[in-house]
Amino acid sequence: MSDIETLAATYLETGRIDGLPQGHFIAGKATEPSPNKVLESFDPAAGAVFATFAAGTADDVDRAVTSAKDAFEKTWRDTAPAERGRILQRAAALIREKADMLALVECVDAGKTLQEARGDVGGAARAFEYYAGACDKLQGDSFPLGADYAGFSIHEPVGVTAHIIPWNFPISTAARGIAPALAAGCTVVAKPAEQTPFTALMLAQILAEAGLPEGVCNVVTGTGAEAGAPLTRHPDVDHITFTGSVTTGRAVMKAAADEVTRVILELGGKSPVIVLGDCDRERALDGVMGAIYENAGQICSAGSRLVIERSIHDEFVDALARRAAALTLGHGLRNPDMGPVNSAAQLEKIAGFVERARADGGEIVAGGEVATDPETGKGWFYRPTLIDNAKPADEVVREEIFGPVLTIQVADDADHALALANDSIYGLVAGIYTGDFATAHRLARGIDAGQVFINEYFAGGIEVPFGGNRKSGFGREKGIEGLKSYCKTKSIAARIS
Ligand code: ADP
């Protein structure tokens, strides 16, 4: 058996993972959690606790921020960019070396399939590689002030950065924020979601092993109220990157306002996928399936609203329904097509949306039921669901469900599709499937979203800026723009004659 097969078999037999990090990671080392301050973490595919972790408090946050502030002032701010790059590059290599264990933990803790978890771990390694290469290329500008002046700008690191991380992409969201922050010369305090605390701690250990000086990257685990909120209020935090719900995003922004702390908010989405009659059918079917059922639909940029041209509606929806019904569910470690949803609360929320749609006469043409792991009869699963002929005012069209539920709206033509696509309070991403180049680009221009995918949903990578418009938030992560989010521009103008 390969390493990962052995790890998976051991976990499935024992329900335990040996060697999980314990405590917070502060000032370069793991701290012991106080015995009365622990929380439980669940394996959603089994619906059972598999580990405990430290419940952080304002005191833990304060120690982490103090350590990050110290490290910023004493070492990291002034570490040569090329040296920062070498450390980040080593971290990327270590993530790849430890990919099996990271993927196992992510799979069990978040309820992903192993394949999805491996993809996320690979994505985390790519983030460190990408920003490792960018450390020594953060160049400023020079300004044409004439012969009597010298004018130029430099990009200075913002300082101590807080990263509040959601449960749906724990390691990849942590990496896409932490890597550029470190590359820019900032230090970090990360607060992973209470549902998925472990891979952020493992990442901090890996960074220490790669040579990151102590205090540069700290992780405090715990709940949003006890650990997240004190972090957003802390006067020594200079920047907050928050990924999560709109409601919590508002609270974070309000807390940040008191200290005039910078924020990036990456919030929800209700992203449209426009499929026109002249598309490549197979490609569009693959794309629409992946857009909504990857990670069981628990993706802020999931394509959760299909907007389909009337001419192909019937045949396309028939094909989708057949594919959705054929998807296998199960524990992520057995590599089914789709894993569980992350928590009992999330399952209830998803089921509630679909039940209300059904009661309102919604046409549920696939799924629409809770399920369990067929091997064990346990876990929190929801069948891949399609709701056909949905109307713009329907709750399932307007609100983010964060589960494997796709609504289908019918459009008369491309312009109608564009109008339906833009009829949302969100503006995160959008997908377009058409064989016509000009139409694709006309629609891409017309859509109010931070990122548009043409003929491949989720096309792109760490190189491509990502972030939302409208209630999906503001600020951009990934790409060089993501790196600049962790910099403050200083302009210097000098009289030289
Ligand atoms: P969800 O409702 O799906 O759990 P949240 O937006 O509440 O999503 O959670 C995203 C992240 O924000 C998690 O790490 C969570 O602990 C954290 N969080 C929740 N409430 C707060 C808060 N008031 N201040 C800061 N962070 C918070």
Side-chain angles (χ1 to χ4, degrees), residues 24 39-42 44 53-58 60-62 64-65 106 109-111 161-178 188-201 203-204 218-235 237 239-259 261-270 295-302 304 340-350 352-353 380 399-403 426 428 468 471-473 477:
H24 310 295
L39 294 167
E40 293 176 322
S41 196
F42 285 82
F53 63 98
T57 60
D60 299 313
V61 167
D62 190 53
V65 173
E106 198 78 328
D109 205 11
T161 62
H163 301 255
I164 299 189
I165 297 162
W167 47 259
N168 60 333
F169 283 92
I171 194 168
S172 54
T173 310
R176 82 173 181 214
I178 293 173
V188 165
V189 179
K191 207 296 282 172
E194 51 271 48
Q195 295 85 350
T196 51
F198 294 110
T199 47
L201 289 165
L203 190 57
N218 307 273
V219 175
V220 176
T221 57
T223 64
E226 301 285 320
L231 184 57
T232 59
R233 287 196 301 263
H234 202 292
V237 167
H239 168 106
I240 302 166
T241 296
F242 171 80
T243 307
S245 62
V246 178
T247 311
T248 308
R250 276 197 191 101
V252 168
M253 196 170 163
K254 282 181 184 154
D258 282 341
E259 294 294 332
T261 305
R262 304 154 59 123
V263 284
I264 291 179
L265 297 181
E266 206 274 272
L267 309 177
K270 190 75 193 177
N295 212 36
Q298 303 164 112
I299 309 185
C300 46
S301 53
S304 52
V341 298
N342 181 262
S343 63
Q346 191 59 25
L347 182 61
E348 200 178 314
K349 192 175 140 211
I350 297 166
F353 272 113
W380 302 314
E399 292 199 21
E400 185 178 42
I401 297 174
F402 225 64
Y426 295 107
L428 190 51
K471 299 278 189 293
S472 294
E477 296 193 80

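Residue numbers count from 1 along this sequence. We count ligands from 1, going down the list as the structure has it; atoms in each ligand are counted the same way.
Residue G228 approaches ligand 1 through these ligand atoms, each under 4.0 Å from one of its heavy atoms: 24 (N), 25 (C), 26 (N).
In terms of protein heavy atoms, atom 2 (O) of ligand 1 is closest to S245 OG, 4.2 Å. Considering only non-hydrogen protein atoms, atom 23 (N) of ligand 1 sits nearest to A229 CB, 4.1 Å. The protein atom (non-hydrogen) at minimum distance from atom 15 (C) of ligand 1 is E194 OE1, 3.5 Å. Closest protein heavy atom to atom 18 (N) of ligand 1: G224 CA, 3.4 Å.
Checked against I171 for a side chain to side chain contact (heavy atoms under 4.5 Å, CB included), the options D109, I165, T199, T196 give a single hit: T199. Each of T232, T173, T243 was scored for a side chain to side chain contact (heavy atoms under 4.5 Å, CB included) with I164, with one residue passing: T232.
The backbone of I165, and not its side chain, has at least one atom closer than 4.0 Å to an atom of ligand 1 (non-hydrogen atoms only; backbone = N, CA, C, O).
Side chains of H24 and N218: a donor-acceptor N/O pair is absent below 3.5 angstrom, by distance only.
Ring orientation note: the planes of F42 and W380 are tilted relative to one another, at an angle of 30° to 60°.
For atom 4 (O) of ligand 1, the nearest non-hydrogen atom from the set F242, F402, W167 comes from W167. If you check each of T247, T243, T248, L267 against atom 10 (C) of ligand 1, the one with the closest non-hydrogen atom is T243.
F402 and W167 have their aromatic ring centers within a separation under 6.0 angstrom.
Salt bridge absent: K471 and E400 never bring a charged side-chain N and a carboxylate O closer than 4.0 Å.
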